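Chain letters run A, B, ... following the sequence lines, proteins first and then strands; every chain starts at 1. None of the values given here were measured: they were computed from a predicted structure.
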Number of protein chains: 2
Amino acid sequence: MSRIPLHPTREQIELPMVLDCLSDPIRLAIVYQLAQQERVSSELRCGDFSGLGAKSNLAYHFAKLRECGLTQTRIVGTSRMTRLRREDLEARFPGLLDAVIKSAAKDADRLQLLPECEVVDVG
Amino acid sequence: MSRIPLHPTREQIELPMVLDCLSDPIRLAIVYQLAQQERVSSELRCGDFSGLGAKSNLAYHFAKLRECGLTQTRIVGTSRMTRLRREDLEARFPGLLDAVIKSAAKDADRLQLLPECEVVDVG
DNA sequence: TCCGATGTTCAATGTTTATTGAACTATTGA
DNA sequence: TCAATAGTTCAATAAACATTGAACATCGGA
């Protein structure tokens, strides 16, 4: 396991990479879930998304999200807690993330944003 | 040549396809140019973008833009006039296109939005 | 100190993608 | 009718991408 997950700095976040990252249905679902959850808790574990695919596939997608600057990941015990980099994204691309999340919400039934599994029950 | 370019209906426009389409630097440059030009003329010819690549490659990218619902193309003589589907996009994904275009404008120097060629001189 | 849980990394696979040049089609104007 | 122009289609190629299972690493708790 790489001990320290690598993140781009705010200025290193690139528009095409962010758009490409968001264009994958699984990654869009992850971002959407993270956004939905924000009022309750800003972070989620990777394992909370096991309904979206195999472990190794999710690790791949989480790495992409992290490397393009959409998410921040920190290690807590054996888990990885991931949250959206809202402030950095808003600074670089004002209004973009909100527009994407609202668009995803509008199409929540077409996009498979909520697979069979229910995500979390936070105390 | 396909005589009638095919376009998705407004409702057929899908978020992941739009984001994927916008994530390619060449297509982003095309969309950006179309947006910049809108005050002068809402349409541009494919040939106006010859600085962005070979003819056949541009035809490929223009087809992608059209098929995902970002642009509308009509035939005028031997030319194809292309414009952004602003109203349809705004109806489906409010604020999204504007956010992308403004973000691209902010990063205009990183992204190669303006290749060697100057685009158009409209009467 | 070992077990179970959580994720990562690797290799392999099949798919999609972008790019190119050549051949082709359609239209305009001489 | 012919040539020039605008753009499409095709085949080929190389690169990137998503997906899987197996093996591995790390940490917390019994």
With a 4.0 Å cutoff (strictly under), does any side-chain N or O of B:Arg80 reach OP1 or OP2 of D:dT8?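 Indeed, a polar side-chain atom of B:Arg80 lies that close.
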Within the structure, does a side-chain N or O atom of A:Thr78 lie under 4.0 Å from either OP1 or OP2 of C:dG4? no
Could you give the [atom1]-to-[atom2] distance, from [X] to [N], as a whole number of Å?
| X | N | atom1 | atom2 | value |
| --- | --- | --- | --- | --- |
| A:Leu52 | D:dT19 | CG | C1' | 14 Å |
| A:Phe62 | C:dG7 | CZ | P | 8 Å |
| B:Leu65 | D:dT8 | CG | P | 12 Å |
| B:Leu58 | D:dT9 | CG | P | 15 Å |
| B:Arg74 | C:dT27 | CZ | P | 15 Å |
| B:Met17 | C:dT16 | CE | P | 13 Å |
| B:Ile75 | C:dT28 | CD1 | C1' | 15 Å |
| B:Arg66 | D:dT8 | CZ | C1' | 10 Å |

Once ring pair (Phe, Tyr, Trp, His ring centres under 6.0 Å) is applied, do any residues pair with B:Phe62, and if so which ones, sequence neighbours excluded?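 So B:Phe62 forms a ring pair (Phe, Tyr, Trp, His ring centres under 6.0 Å) with B:Phe49.
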Picking from C:dT8, D:dT20, C:dA22, which would you name as closest to the side chain of B:Ser56?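 Nucleotide nearest to B:Ser56's side chain: C:dA22.
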What's the closest nucleotide to the side chain of B:Lys55 if the choices are C:dT6, D:dC10, D:dG7? D:dG7
Between A:Gly53 and B:Ala59, which residue's closest nucleotide on DNA chain D lies nearer the 5′ terminus?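 Looking at the nearest nucleotide for each, B:Ala59 comes out on the 5' side.
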Within the sub-3.5 Å range, which N or O atoms of nucleotides 1-4 of chain D have a protein N or O partner, and how far apart are they?
none

Is any side-chain heavy atom of [X] less than 4.5 Å from a side-chain heavy atom of [Y]?
| X | Y | value |
| --- | --- | --- |
| A:Glu43 | A:Arg74 | yes |
| B:Phe93 | B:Ile13 | yes |
| A:Arg66 | A:His7 | yes |

Heteroatom pairs (N/O) under 3.5 angstrom, protein to nucleotides 13-15 of chain C:
none

Side-chain donor-acceptor contact under 3.5 Å, B:Thr82 with B:Thr71: no
Quick one: name the residues clustered hydrophobically with A:Met81, using the 4.5 Å side-chain heavy-atom rule over I, L, V, M, F, W, Y, and just say none if it's on its own. A:Val76
Could you give the distance from [atom1] ([X]) to [atom2] ([Y]), rounded to the nearest 0.5 Å?
| X | Y | atom1 | atom2 | answer |
| --- | --- | --- | --- | --- |
| A:Gln33 | A:Leu52 | CD | CG | 8.0 Å |
| B:Ile30 | B:Lys64 | CD1 | NZ | 12.5 Å |
| B:Leu44 | B:Gln36 | CG | CD | 11.0 Å |

N/O donor-acceptor pair under 3.5 Å between A:Arg92 side chain and A:Glu14 backbone: no
Hey, what are the protein-to-nucleotides 14-18 of chain D N/O distances that come in under 3.5 Å?
residue, atom, partner, partner atom, Å
D:dA18, OP1, A:Arg27, NH1, 3.2
D:dA18, OP1, A:Arg27, NH2, 3.0
D:dA18, OP2, A:Tyr60, OH, 2.0

Donor-acceptor pairs under 3.5 Å, side chain of residues 16-25 of chain A to any protein atom, not counting sequence neighbours: which ones?
residue, atom, partner, partner atom, Å
A:Ser23, OG, A:Asp20, O, 2.7
A:Asp24, OD1, A:Ile26, N, 2.9
A:Asp24, OD1, A:Arg27, N, 3.2

Taking atom CD as the centre, does A:Glu87 end up with more than 12 heavy-atom neighbours from other residues, nucleotides or ligands that are less than 6.0 angstrom away?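 Result for CD/A:Glu87: open.
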